[in-house]
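Letters A, B, ... are given to chains in the order of the sequence lines, protein chains preceding strands, and every chain is numbered from 1.
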Protein chains: 2
Amino acid sequence: MKKNPIAVAVVEDVKGTRENLVELLKRAAGLNCAGAFASGEAAVRDLPTLAPDVVLMDVNLPGMSGVQCTAQLKARLPKTQFLMLTAYENSELIFESLRAGASGYLMKNTEPNEILAAIEQVHAGGSPMSMQIARKVVSHFQEIKKPSLEFEQLTPRELEILSLLAKGFLYKEIADQLKISLHTVRGHVHLVYEKLHVQSRSEAIIKFLGQK
Amino acid sequence: MKKNPIAVAVVEDVKGTRENLVELLKRAAGLNCAGAFASGEAAVRDLPTLAPDVVLMDVNLPGMSGVQCTAQLKARLPKTQFLMLTAYENSELIFESLRAGASGYLMKNTEPNEILAAIEQVHAGGSPMSMQIARKVVSHFQEIKKPSLEFEQLTPRELEILSLLAKGFLYKEIADQLKISLHTVRGHVHLVYEKLHVQSRSEAIIKFLGQK
DNA sequence: CTGGAAACAGAACGAATGTTCTGTGGCGCG
DNA sequence: CGCGCCACAGAACATTCGTTCTGTTTCCAG
């Protein structure tokens with residue numbers, strides 16, 4: 001695929017694990033171990049000069065977390081791909097890592113061969129994830145809408161007004177746009193509040209934006 | 001892995017493609033082709049009685065789209081896993097499919113072997129995705145925060161108050177929680193509005209929730 | 001045709017919000 | 001030290017919201 005070997009760096013605090021990874025990288029064809037770091041702080045300081053193609057980053061580092069470390073490094077090395085390694089499948093950490101700029105996420109019990117395959121994949125523009133991780137990521141999209149029961153109670157007009165509220169318009173502006181009176185807007189809004197079981201515009205907007 | 005064969009159904013309008021898939025399933029060990037449908041309408045009508053373990057669903061169906069079809073079927077068959085197949089990598093369709101309840105997403109040019117592997121994986125609780133698809137899904141998390149420039153202007157206290165506003169609290173409630181006076185809350189909120197360039201609580205909440 | 005839902009409208013009132021002032025005290029920095 | 005930033009506080013005032021009433025009209029289903 002790639003004529004030049006892929007330069008890979010490792011950030012992992014546990015000595016044994018780190019050395020195993022380095023060994024794995026050295027043995028592999030097409031890869032080149034550019035460096036290894038025992039802490040996020042050390043990586044932030046010295047990794048940028050290496051400018052590796054791929055970084056294997058432990059999520060749970062003492063001191064600066066792997067997530068913070070990734071965020072800082074990604075800002076300076078936008079072309080470098082970050083592949084997170086973790087022992088636990090904590091959803092929050094997964095999403096924070098991805099937000100921080102990681103492109104892949106593997107469990108630490110992944111087979112060595114698969115780790116190598118994942119490095120190639122992430123370098124080729126993919127996003128390798130362990131099975132459980134991928135499912136969590138995908139599920140994130142589905143969770144976004146369960147209690148739409150309350151919204152189904154709303155009439156089309158009420159929904160229309162709610163969506164205008166959720167764009168930040170004042171009652172007066174809504175009345176003008178829909179060519180109805182301020183009183184009518186108030187009436188609709190009041191019914192919306194009842195149906196959504198809220199008692200302020202803020203809560204209604206939050207509910208509306210949350211499930212949509 | 002699995003003693004019972006995995007029951008798989010296919011929804012695909014193009015005859016040739018559909019027959020190829022069925023052939024592939026029939027040849028495979030550990031799988032069982034439960035049925036094939038040429039349209040979303042037919043699948044919605046007759047697929048539930050089969051209650052397959054996995055459904056291969058074409059995204060681009062004429063008439064009822066694969067996304068709509070998935071949404072309806074998933075509601076009735078929550079334990080069935082849906083694996084989308086598509087010729088094009090359209091981001092919107094990917095996200096809509098996942099929201100509709102799909103658990104995997106493959107390009108149609110995927111190798112037959114990999115399609116079989118994906119079926120097993122989705123049945124085992126994973127979320128197989130083609131490389132390009134996975135990257136799009138992951139990128140979705142990163143796009144969510146660009147214009148946080150305005151938020152960086154906020155002091156910690158202002159951010160704290162904004163986040164309480166975004167939970168729907170009244171000024172009075174915020175004042176009580178933070179043990180400060182109503183006047184102070186007003187003061188902070190006013191500064192927040194200036195820094196975010198908004199002039200109402202609604203707009204501030206919308207901005208805050210939008211980029212976060 | 002009778003009843004109910006939905007959209008519309010007006011009034012009146014208190015509560016919450018947004019604006020514009022002024023002023024205090026603490027804290028870091030040149 | 002003086003300056004600016006932050007957090008805090010009070011006051012006065014206009015605006016916007018939210019609630020509770022009472023109505024009209026239309027349209028649809030029983």
Strictly below 4.0 Å, N to O, side chains only: are B/Glu92 and B/Lys136 in salt-bridge contact?
no
OP1 or OP2 of C/dT19 under 4.0 Å from side-chain N/O of B/His190:
yes
With the side chain defined as heavy atoms from C-beta on, A/Ile180 is closest, among C/dT17, C/dC8, C/dA7, to C/dC8
Taking the basic N atoms (NZ, or NE/NH1/NH2) and the acidic carboxylate oxygens, is any pair closer than 4.0 Å for B/Glu158 and B/Lys195?
yes
Are B/Arg201 and D/dT16 close enough that a side-chain N or O sits under 4.0 Å from OP1 or OP2?
no
Looking only at side-chain N and O atoms, does A/Gln81 offer a donor or acceptor that is under 3.5 Å from a partner on A/Ser103?
yes
Atom pair distance, as rounded to whole Å: OH in A/Tyr171 and P in D/dA14:
22 Å
OP1 or OP2 of C/dG10 sitting under 4.0 Å from any side-chain N/O of A/Thr184?
no
Separation of D/dC17 atom P from B/Gln199 atom CD, nearest Å, is 12 Å
Rounded to whole angstrom units, what separation is found between the NZ atom of A/Lys179 and the C1' atom of C/dA7?
18 Å
Nearest to side-chain heavy atoms of B/Arg186, which nucleotide of D/dT19, D/dT16, C/dT17
C/dT17
Considering just the side-chain nitrogens and oxygens of B/Tyr193, establish if one lies under 4.0 Å of OP1 or OP2 belonging to C/dT19.
no
Round to a whole Å and report the spacing from CG of A/Leu182 to P of D/dG18.
12 Å
Please tell me if B/Arg157 has a side-chain N or O lying less than 4.0 Å from either OP1 or OP2 of D/dC8.
yes
How many Å lie between CG on B/Leu154 and C1' on D/dC5, as a whole number?
14 Å
Just the rounded figure in Å: distance from C1' of D/dC8 to NE2 of B/His188.
6 Å
Determine, for A/Arg99 against A/Glu96, whether the closest basic-nitrogen to carboxylate-oxygen distance falls under 4.0 angstrom.
no
Without decimals, in angstroms, what is the distance between B/Glu152 CD and D/dC6 P?
14 Å
Give a yes/no answer on whether the side chain of B/Ser200 brings an N or O atom under 4.0 Å of OP1 or OP2 in C/dG18.
no
Are OP1 or OP2 of D/dC8 and a side-chain N or O of B/His183 less than 4.0 angstrom apart?
no
Round to a whole Å and report the spacing from CD of B/Glu203 to C1' of D/dC17.
16 Å
Answer with base, sugar-phosphate or nothing: what part of the nucleic acid does B/Ser181 contact at a heavy-atom distance below 4.0 Å?
sugar-phosphate
Quick one, B/Lys167 with B/Glu173, criterion salt bridge (Lys or Arg N to Asp or Glu O under 4.0 Å). Give me CA distance, side-chain angles, the key distance, then yes/no.
CA-CA 11 Å; B/Lys167 286 184 181 139; B/Glu173 295 170 328; over 6 Å; no
